[in-house]
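Everything below concerns the one structure shown next.
The model shown is predicted, which means the values in this text are computed figures rather than measured ones.
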Amino acid sequence: MTSHASSTSNVFYRKLTRSYPRIVRGEGCWLFDAQGRRYLDGCGGAFVVNVGHGVPEIAEAMSRQAGRLGYVNGTAFTHDSVEQLAEELAALSPGDLDQVYPLSSGSEAVEAALKLARQYWVEAGCPGKHKVIALTPGYHGNTLLALSASAREHYQTYFHEWLVDVVRVPAPYAYRCECRGTPPYCPACSGEAVEAAIVREGSATVAAVIAEPVGGSSTGASVPPPEYWRRVREACTQHSVLLVADEVLTGAGRTGTWSALEPYGIVPDLMTLGKGISGGYAPLSAVVAPRRLVEVLAGGSGALLHAQTFSHHPVLCAAGVATLRYLREHRLIERCAEIAPLFHARLAALRDLPFVGDVRGRGLLAGVEFVADQSTRAPFPRSVRFAETFAQAALEAGLVVWPNVGQANGRDGDLAMLAPPFVVTESEIDEMVQLFGQALLATRERIGASL
């Protein structure tokens, strides 16, 4: 069988109306299917694979841990791999963030971080602080609280009655905001919009602001101005609001520094990590908190009122330790920063292609925004399904990208994201650009009748 579909398989697939190539192995930046065809993994799966596919050191570390100890109850025992993971992450995290709560997915980490923020304020004697402020466009996960904080209308449509209200403010999205990302900055790009929301809602009611330091797939790797995060940090401090940095996608070196907030010189009150902290070898995420918050819980209820069966899991933590050590020993975060200028210089050539409105990003994270009209920046109607058509054309050409939709106005808007493993070479970047262009021309032919 050359491909697999829900009509012929027992697998409940992520997409039910398409056929899937069966991947049998990965190596570096490449995936190979059962027929021997190879695919350049241009987005590291779902922004996950940073160390590359097929790293034996990580697989062997997981095997050793499973052979010694596969599972223990995190409420009763600790173990070597969770202690080591916490020590590694605490050493990498900014400021006073040194308490690590391991989980299994980014959504779980966001859910736990927001619950921690709420529980902290209740136990600190401020039970009125319950509101969450989040950016739009934005994405934080698919569990109900994380989905509530996300601005993905097409994900929320069927579940509105189950979601909680979240205060929305416009994200710093230079391509579509009124200032176009140049001084004098508009409220969205200066951070003024965040502070205004805190004041409008009343700081006595606001528990947390949550945001990705650099835009993920929701804004196509839009990078805020240098002043933005300093303004937001100052506002949160002044009004006693916790700042939650969602670094599930942007952390672990993806933007060229361990934390995407490093270049801004600020420290959040809580940080969520995931994806790259285990390189895709195991489902691992984490909430990183300062002792000053955790001690309030210790003096009150005595625990974070959040529980997951597989939190603090020995084998998952061992995968994280091995990944972090591999990143350090091979200087892969430094390599990401070093090759990033070449990556973005090569991608800049895509601006000359039809339908490309903007190319942006930082480190080995880039977004290419597609538009129907490059001069007016008008998006394609959602009915055209440009991003999905492009992603399929890219896959057929041998390039894996991550499509996203809806960023222009909540419904319309098309993006393709690129986030290759940190081991990507110059020649592979050139091939990525060539295949991207090839896929774009194929997409133009396929959607011709829809325009």
Side-chain touch Ser150/His140, heavy atoms, less than 4.5 angstrom: yes
Are any of the side-chain heavy atoms of Met432 and Gln434 separated by less than 4.5 Å? no
Can you confirm whether Glu87 is buried at CD, in the sense that more than 12 heavy atoms of other residues, nucleotides or ligands lie under 6.0 Å from that atom? no
Do you know the tightest heavy-atom contact between Ala282 and Met62? CB-CE, 3.9 Å
Between the side chains of Gln119 and Glu123, does any donor sit under 3.5 Å from an acceptor? yes
May I ask you to check whether Glu153 and His160 show a side-chain donor-acceptor distance below 3.5 Å? yes
What class does the angle between the rings of Tyr264 and Trp229 fall in, given that below 30° is parallel, 30 to 60° is tilted and above 60° is perpendicular? perpendicular
Shortest non-hydrogen contact from Ala112 toward Val287: CB-CG2, 3.9 Å
Any side-chain to backbone donor/acceptor pair from Arg118 onto Pro127? Under 3.5 Å, distance only. yes
Quick check on Asp80: does its CG atom have over 12 non-hydrogen neighbours (other residues, nucleotides or ligands) under 6.0 Å away? no
Exam field: side chain Lys275 to backbone Ala46, donor-acceptor pair closer than 3.5 Å: yes
Kindly give the heavy-atom pair with the smallest separation between Val169 and Ala197, and that separation in Å. CG1-CB, 3.4 Å
Other residues, nucleotides, ligands: >12 heavy atoms within 6.0 Å of Asn73 CG: yes
Do other residues, nucleotides or ligands put more than 12 heavy atoms under 6.0 Å from the CD atom of Glu227? yes
Minimum heavy-atom separation for Leu135 to Arg168, with atom names? O-NH1, 4.4 Å
Are side-chain N/O atoms of Thr250 and Glu212 paired as donor and acceptor at under 3.5 Å? no
Can Leu415 and Phe370 be said to form a side chain to side chain contact (heavy atoms under 4.5 Å, CB included), step by step? CA-CA 6 Å; Leu415 291 166; Phe370 302 117; 5.8 Å; no
Count the heavy atoms belonging to other residues, nucleotides or ligands that lie under 6.0 Å from CZ of Arg335, then report whether that count exceeds 12. yes
Flag the pair His154 / Val405 as yes when at least one side-chain heavy-atom distance between them is below 4.5 Å, and no otherwise. yes
Backbone N/O of Ala146 and side chain of Glu111: donor-acceptor pair under 3.5 Å: yes
Is it the case that the side chains of Glu247 and Ser259 hold a donor-acceptor pair, with the cut-off being a distance below 3.5 Å and no angle test? yes
Could I get the full list of side chain to side chain contact (heavy atoms under 4.5 Å, CB included) partners for Cys336, not counting sequence neighbours? Leu364, Phe422
With distance as the sole test, does Thr143 use its side chain to make a donor-acceptor pair with the main-chain N or O of Leu145 at under 3.5 Å? no
Could you go step by step and tell me if Val11 and His4 meet the side chain to side chain contact (heavy atoms under 4.5 Å, CB included) rule? CA-CA 9 Å; Val11 177; His4 296 253; over 6 Å; no
Does some side-chain heavy atom of Leu418 sit less than 4.5 Å from a side-chain heavy atom of Val401? yes
If we ignore hydrogens and angles and just use 3.5 Å, is the side chain of Asp246 paired with the main-chain N or O of Ala211 as donor and acceptor? no
Is the distance between the ring centroids of Trp30 and Tyr39 less than 6.0 Å? no
Output the distance between atom CD (Glu195) and atom SG (Cys236), rounded to the nearest 0.5 Å. 9.0 Å
Taking Glu57 first and then Arg325, would you say they form a salt bridge - that is, a charged N and a carboxylate O separated by under 4.0 Å? no
Main-chain N/O of Val55 paired with Tyr281 side-chain donor or acceptor, under 3.5 Å: yes
Donor-acceptor pair, Thr425 side chain versus Glu428 backbone, under 3.5 Å? yes
With the side chain counted from C-beta on, respond yes when Leu85 and Leu324 share a heavy-atom pair under 4.5 Å apart, and no when they do not. yes
Any side-chain donor paired with an acceptor under 3.5 Å for Glu83 and Thr78? yes
With a 3.5 Å distance limit and no angle check, can you tell me whether Thr205 reaches the backbone of Gly128 through a side-chain donor-acceptor pair? no
Smallest separation among heavy atoms of Ala149 and Leu114, with atom names: CB-CD1, 4.3 Å
Please determine if Arg233 and Asp269 form a salt bridge, counting it only when a charged side-chain N lies under 4.0 Å from a carboxylate O. yes
CH2/Trp121 to NZ/Lys129 distance, rounded to the nearest 0.5 angstrom? 4.5 Å
Note: Arg291-Asp96 ion pair, threshold 4.0 Å (strictly below): no
Heavy-atom side-chain proximity of Ile277 to Thr323 below 4.5 angstrom: no
Supply the atom-to-atom distance Arg360 CZ to Leu347 CG, rounded to the nearest 0.5 angstrom. 12.5 Å
Ring-plane angle category for His313 and Phe310, please: parallel below 30°, perpendicular beyond 60°, tilted otherwise. tilted
Could you check whether any side-chain heavy atom of Val424 comes within less than 4.5 Å of a side-chain heavy atom of Leu40, counting everything from C-beta outward? no
Which heavy atom of Asp414 sits nearest a heavy atom of Glu388, and at what distance? OD1-OE1, 4.3 Å
Tell me which one of Cys189, Ser218, Ser222, Pro224 satisfies side chain to side chain contact (heavy atoms under 4.5 Å, CB included) with Tyr173. Ser222
To the nearest 0.5 Å, tell me how far Leu284 CG sits from Ser105 OG. 10.0 Å
Just how far is it from atom CH2 of Trp402 to atom CG of Leu249, taken to the nearest 0.5 Å? 9.5 Å
Do Pro94 and Leu261 come within less than 4.5 Å of each other through their side chains, counting heavy atoms only? no
Evaluate whether atom OH of Tyr13 has more than 12 neighbouring non-hydrogen atoms of other residues, nucleotides or ligands under 6.0 angstrom away. yes
Gln65 side chain to Leu69 main-chain N or O, any donor-acceptor pair under 3.5 Å? yes
Ring of Tyr20, cation from Arg18 - is the NZ or CZ under 6.0 Å from the centre and inside 45° of the axis? yes
Near Arg68 CZ, under 6.0 Å, is it more than 12 heavy atoms from other residues, nucleotides or ligands? yes
Give a yes-or-no answer on whether the side chains of Ser107 and Asn142 include a donor-acceptor pair shorter than 3.5 Å. no
Checking Glu88 against Gln84 for the side chain to side chain donor-acceptor pair (under 3.5 Å) test, could you report, in this order, the C-alpha distance in whole Å, the side-chain angles of both residues, the deciding distance, and whether it holds? CA-CA 6 Å; Glu88 293 274 357; Gln84 292 166 1; over 6 Å; no
What is the ring orientation for His306 with Tyr101, classed by angle as parallel under 30°, tilted 30 to 60°, or perpendicular over 60°? perpendicular
Is NZ or CZ of Arg38 both nearer than 6.0 Å to the six-membered ring centre of Phe32 and within 45° of the ring axis? no
May I ask you to decide whether Glu234 forms a salt bridge with Arg231, counting only side-chain N to carboxylate O separations under 4.0 Å? no
Using modelled atom types only, decide if a donor and an acceptor are shared between the side chain of Glu262 and the backbone of Trp258 within a distance under 3.5 Å. yes
Are more than 12 heavy atoms, taken from residues, nucleotides or ligands other than Phe159, located less than 6.0 Å from that residue's CZ atom? no
Can you tell me if Thr157 and Arg152 form a side-chain donor-acceptor pair at under 3.5 Å? no
